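So the structure is just underneath, and the comments pick up after that.
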Amino acid sequence: MSQFNNAFTLFLSLLVEAMPFLLLGVLLSSVLLLFIDEQQLITKLPKNPLLGALVGSMIGFLFPVCECGNVPVARRLLMQGVPTPVAIGFLLAAPTVNPIVIWATWTAFRDQPEIVVLRILLSLVIATIVGWVFSVQKDLKPLLQPAIAKSWEYNFVPKQELKKATPTSPLLQSGTFLLNQPGQMVRMDATVLQASLAATAPNKPLSDRLRLLVDNTIQELRELGAVLVFGSAIAAFIQVAVPREVILSLGYGPVTSIIAMMILAAVVSICSTVDSFFALSFSATFTSGSLLAFLIFGPMIDLKAIGLMLSIFKPKAIIYLFALAAQLTFLFTLFINLQII
Amino acid sequence: MSVSRKFLQPLDRVALTLMLVLSVLIGLLLLQGDGVAPQVRDFSWDGKAIGAEDTAFILNFSRPMDTKSVEENLQIDPPLPGKISWAGRRMAYTLLTPAPYGNSYQFNLHSAKDRLSVAENSPKVMQPFSSRFRTRDRAFVYLGVEEDEQGRLVLYNLSQQQKTILTPRDLVVVDFKPYPDGQKVLFSATERTNSQDLLSSQLYTVTTGINSDSGTQMTQGFLGLRLPFDATANPEPPGKINLILDNKEYQNLKFDLSADGQKIVVQRVNQQNPGEFGLWLLQENKKPQQLNSQPGGDFVITPDSASVAVAQGEGVGILPLQTDAEKPLDFLPEYGMVLNFSRDGAQATMVKFNSDYTRSLFLVTSQGEPQELLRTTGSIKSCQFDPLRQNLYCLLTQLLEKEEYEEQPYLVAIDLKTGNQKPLVILPDQRDVQMSLAPDGLAVLFDQVVAATDAVNPAADVPRTSDGEAIATSRLWLLPLLSPASSPQPTQMQPEQLPLPGFHPRWLP
């Protein structure tokens with residue numbers, strides 16, 4: 001019975017911690033949908049995949065969301081036709097590379113400033129590399145969930161094809177050209193409808209747009225909130241089934257400590273805004289590299305966010321995302337542990 | 001669409017290749033093994049001149065350490081006994097007694113091992129670490145009495161046997177208080193040409209030129225790098241005078257300096273309207289402000305620098321050091337005077353004037369009952385806590401049973417635990433005697449004033465005692481005490497006369 005109580009407490013705490021950030025993310029996503037002209041946004045983003053991924057990693061400075069809030073925003077970015085490396089870079093780095101988290105980390109690790117700097121730097125590097133890897137895939141359909149794929153296709157593919165047809169004319173990238181394509185409106189799909197709503201949004205009066213903002217926020221919150229509840233339940237269950245002590249007993253060595261802290265990061269699903277204080281409690285016994293691994297890998301992946309991620313990507317894409325992020329984190333922090341500190 | 005094509009999207013190829021490459025890199029890194037030894041990242045007293053307020057240093061390690069190997073291999077030469085405590089990778093070493101002043105210390109740590117390697121039975125020895133720090137010079141300030149030094153503030157650096165006259169000839173110093181870092185001294189003085197008015201003193205500060213780079217100021221830059229520019233690196237030359245408070249509208253009677261050196265409380269009276277009498281608060285970069293209070297007598301600023309204890313009528317009022325405060329924080333009707341607070345503010349000594357014309361010395365603590373330490377028919381001049389708060393050093397007088405009223409001053413050490421009194425030295429008869437306990441608790445300074453006996457009016461610029469008697473000459477005495485830790489009972493030593501004619505000696509912190 002006490003196990004059940006523990007699980008329930010953990011479940012509630014995860015949910016209470018994550019829900020405000022999810023709400024913030026959903027609100028930002030709705031604002032992006034209705035108030036930002038995506039075509040202008042896209043033309044301003046760099047076309048170079050590596051540069052795009054780096055820029056995407058730094059969007060977190062504009063949208064300070066943690067790992068629960070970044071999923072709806074990343075989803076919206078993808079649906080609006082933002083290049084893949086930008087969206088992936090954002091998805092992985094935004095929970096770390098944002099002012100709130102940087103400040104929190106600085107507060108916790110004031111006497112180990114290198115942890116703060118390396119956390120930001122390595123998160124940027126890893127997100128950029130993974131974003132760049134995903135840029136090789138021009139056709140995202142096999143990776144995305146069907147609903148997102150359709151929206152992505154609507155926004156993205158025609159432009160690509162048109163670009164191929166007349167690659168020299170920059171005028172073709174302007175938004176009005178696409179809006180005048182009536183043939184695109186045949187599919188009566190909810191997501192596509194949403195996207196088309198967005199496309200026509202600039203013409204609507206403000207009151208209408210605000211109503212749409214509320215509608216869309218509620219709809220997304222219902223959809224993703226349910227996923228979050230489910231994800232939190234799984235995370236709580238695993239934490240009770242596999243207690244922290246078991247994970248921590250993996251070892252304190254330069255190599256084993258990293259593995260232990262990475263698994264711990266994935267399992268505890270702690271929000272990136274507060275995880276540095278959690279990590280601080282381990283600084284007495286664990287190596288700097290393993291603390292960094294916790295702080296870098298935790299925001300990129302955690303159990304409760306996997307459900308949210310599954311609302312965007314097919315499992316294969318998520319496996320690639322996490323495998324690459326995990327390997328890169330392990331490599332960098334291992335190097336730090338064995339060769340530097 | 002064939003199966004193979006579906007499985008080999010461009011992403012699959014790139015991602016799988018990269019995963020393979022990363023696996024190989026990780027493998028290579030693992031093969032190389034652990035190549036770093038633990039090291040000391042930061043030593044908080046590195047190169048510093050520490051004082052009695054620096055009670056502990058902190059060692060910061062790059063890795064979690066095997067605490068036993070660190071504790072066993074830590075060396076300070078000459079030894080400074082202390083207690084070790086750990087918080088993560090940080091080790092704090094708290095001194096049992098303040099480090100004696102005027103010493104230089106060598107700190108060494110080698111053969112310490114980190115915790116991981118010890119746990120894995122392949123102990124890795126840390127890079128040897130060594131550093132130096134020193135304690136501040138033993139120095140005190142006094143008022144000169146003879147010839148050129150008359151009425152001037154004199155600094156004597158005992159460690160370097162060096163004497164410096166701080167204030168110029170045209171100022172006759174009345175009273176002074178060193179700032180907490182010892183770099184400046186606050187003093188009140190009258191102008192020598194102003195032959196009439198002994199009360200027309202103004203407040204000044206003067207630099208001492210010593211005690212720079214104290215241990216409390218940690219200058220550590222981002223990323224743990226030491227900043228190249230250290231603001232305290234260049235001590236100001238001694239003798240730089242700065243006027244703090246003039247006497248244009250008000251006479252300045254008494255003053256006290258707060259423990260943090262930020263606040264000065266001055267008792268002032270309006271030149272035109274003697275009824276306007278009260279305490280004023282001076283803060284840096286602010287105009288002097290009058291405190292809302294009842295008129296009072298002697299006052300002492302509390303060690304937290306937030307309030308001031310004033311003798312008011314038949315008790316002691318505690319006033320907040322805020323100009324907008326309406327009411328006193330507290331009123332202690334049972335005591336007549338606050339003598340002194342311990343450095344942490346947890347204890348205070350107070351005097352109670354009993355109805356049978358005796359005086360009682362009370363120890364008042366933040367917790368628990370006040371304790372009567374002694375009752376005397378003489379007077380209680382001053383008391384100072386030793387740095388460990390084990391002993392209280394008091395300057396008392398006893399009433400001699402003679403026909404003429406005569407008091408004999410003596411120095412006594414009172415054990416705060418047992419209440420035992422141990423007289424240290426009996427002083428020749430004199431009214432105005434002052435003592436000062438060294439910040440490390442290893443010596444007491446006191447003066448022996450010889451008042452001018454000739455009936456002829458002495459010159460106005462002659463230094464005077466607090467009773468207004470002109471001082472003919474005065475001698476300074478140093479009474480060494482054994483370290484309070486090495487012998488809980490202060491041992492009697494012979495006072496030693498210093499070849500410095502002067503009075504009102506006060507140690508620099």
Side-chain angles (χ1 to χ4, degrees), chain A residues 84 88 106 110-118 129-130 132-143 251-258 280-291 316-317 319-321 323-341, chain B residues 1 5-39 41-42 44 58 60-65 67 86-91 114-122 124 218 220-225:
Chain A
T84 328
I88 297 284
W106 172 246
R110 213 176 283 256
D111 46 88
Q112 280 167 278
E114 73 278 0
I115 294 247
V116 187
V117 176
L118 285 173
I129 293 176
V130 178
W132 172 74
V133 168
F134 272 70
S135 74
V136 298
Q137 182 83 8
K138 297 292 176 226
D139 178 17
L140 276 188
K141 268 194 293 178
L143 300 177
Y252 303 112
V255 184
T256 47
S257 63
I258 297 180
L280 188 64
S281 61
F282 293 100
S283 72
T285 40
F286 278 80
T287 54
S288 299
S290 66
L291 297 180
K316 188 170 79 169
I319 291 172
Y320 283 154
L321 268 179
L324 285 172
Q327 277 192 312
L328 284 165
T329 310
F330 188 69
L331 180 70
F332 288 138
T333 52
L334 190 66
F335 182 75
I336 286 167
N337 256 3
L338 295 184
Q339 303 294 331
I340 299 176
I341 304 177
Chain B
M1 205 181 278
R5 202 181 140 213
K6 203 176 174 185
F7 262 89
L8 277 181
Q9 299 284 334
L11 175 67
D12 296 314
R13 270 176 268 150
V14 175
L16 290 173
T17 318
L18 186 61
M19 280 156 79
L20 203 69
V21 171
L22 288 175
S23 304
V24 172
L25 284 177
I26 290 170
L28 284 176
L29 207 53
L30 284 175
L31 276 181
Q32 284 210 327
D34 196 351
V36 231
Q39 53 178 323
R41 287 178 47 152
D42 189 48
S44 62
I58 287 169
N60 223 329
F61 294 94
S62 67
R63 290 191 165 190
M65 297 301 286
T67 53
W86 288 86
R89 297 148 194 229
R90 294 200 295 176
M91 190 200 85
D114 72 311
R115 183 203 198 111
L116 309 173
S117 62
V118 168
E120 286 169 3
N121 284 325
S122 56
K124 200 182 295 163
M218 294 245 275
Q220 201 184 48
F222 195 55
L223 278 172
L225 301 172

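Everything numeric in this text was worked out from a predicted model, so none of it was measured. Throughout, a chain's letter reflects where its sequence line sits, starting with A, and its residues are numbered from 1.
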Residues that A:Phe282 engages under ring pair (Phe, Tyr, Trp, His ring centres under 6.0 Å), provided they are two or more places apart: A:Phe278, A:Phe286
Member of B:Leu22, B:Ile26, B:Leu29 meeting the side-chain contact (heavy atoms from CB on, under 4.5 Å) criterion with A:Phe330: B:Ile26
Contact winner vs chain A - B:Arg13, B:Met19, B:Arg63, heavy-atom pairs under 4.5 Å: B:Met19
Partner residues of B:Arg90 under the side chain to side chain donor-acceptor pair (under 3.5 Å) criterion, sequence neighbours left out: none
Spatial distance of atom CG (B:Leu28) from atom CG (A:Leu331) [nearest 0.5 Å]: 10.0 Å
Closest non-hydrogen atom pair between B:Arg89 and A:Leu291, with its separation: NH2-CD1, 4.0 Å
From B:Leu20 atom CG to A:Gln327 atom CD, the distance as rounded to the nearest 0.5 Å: 8.5 Å
Test item: B:Val14 and A:Phe134 side chains (from C-beta on) under 4.5 Å apart, heavy atoms: no
Close side-chain approach of A:Lys316 to B:Asp12, heavy-atom, < 4.5 Å: yes
Greatest number of heavy atom pairs closer than 4.5 Å to chain B - which of A:Ile115, A:Leu328, A:Ile129: A:Leu328
Minimal non-hydrogen separation, A:Val136 against B:Pro10, with atom names: O-CB, 3.6 Å
Heavy-atom closest pair, residues A:Ser288 and B:Ser62: OG-O, 4.0 Å
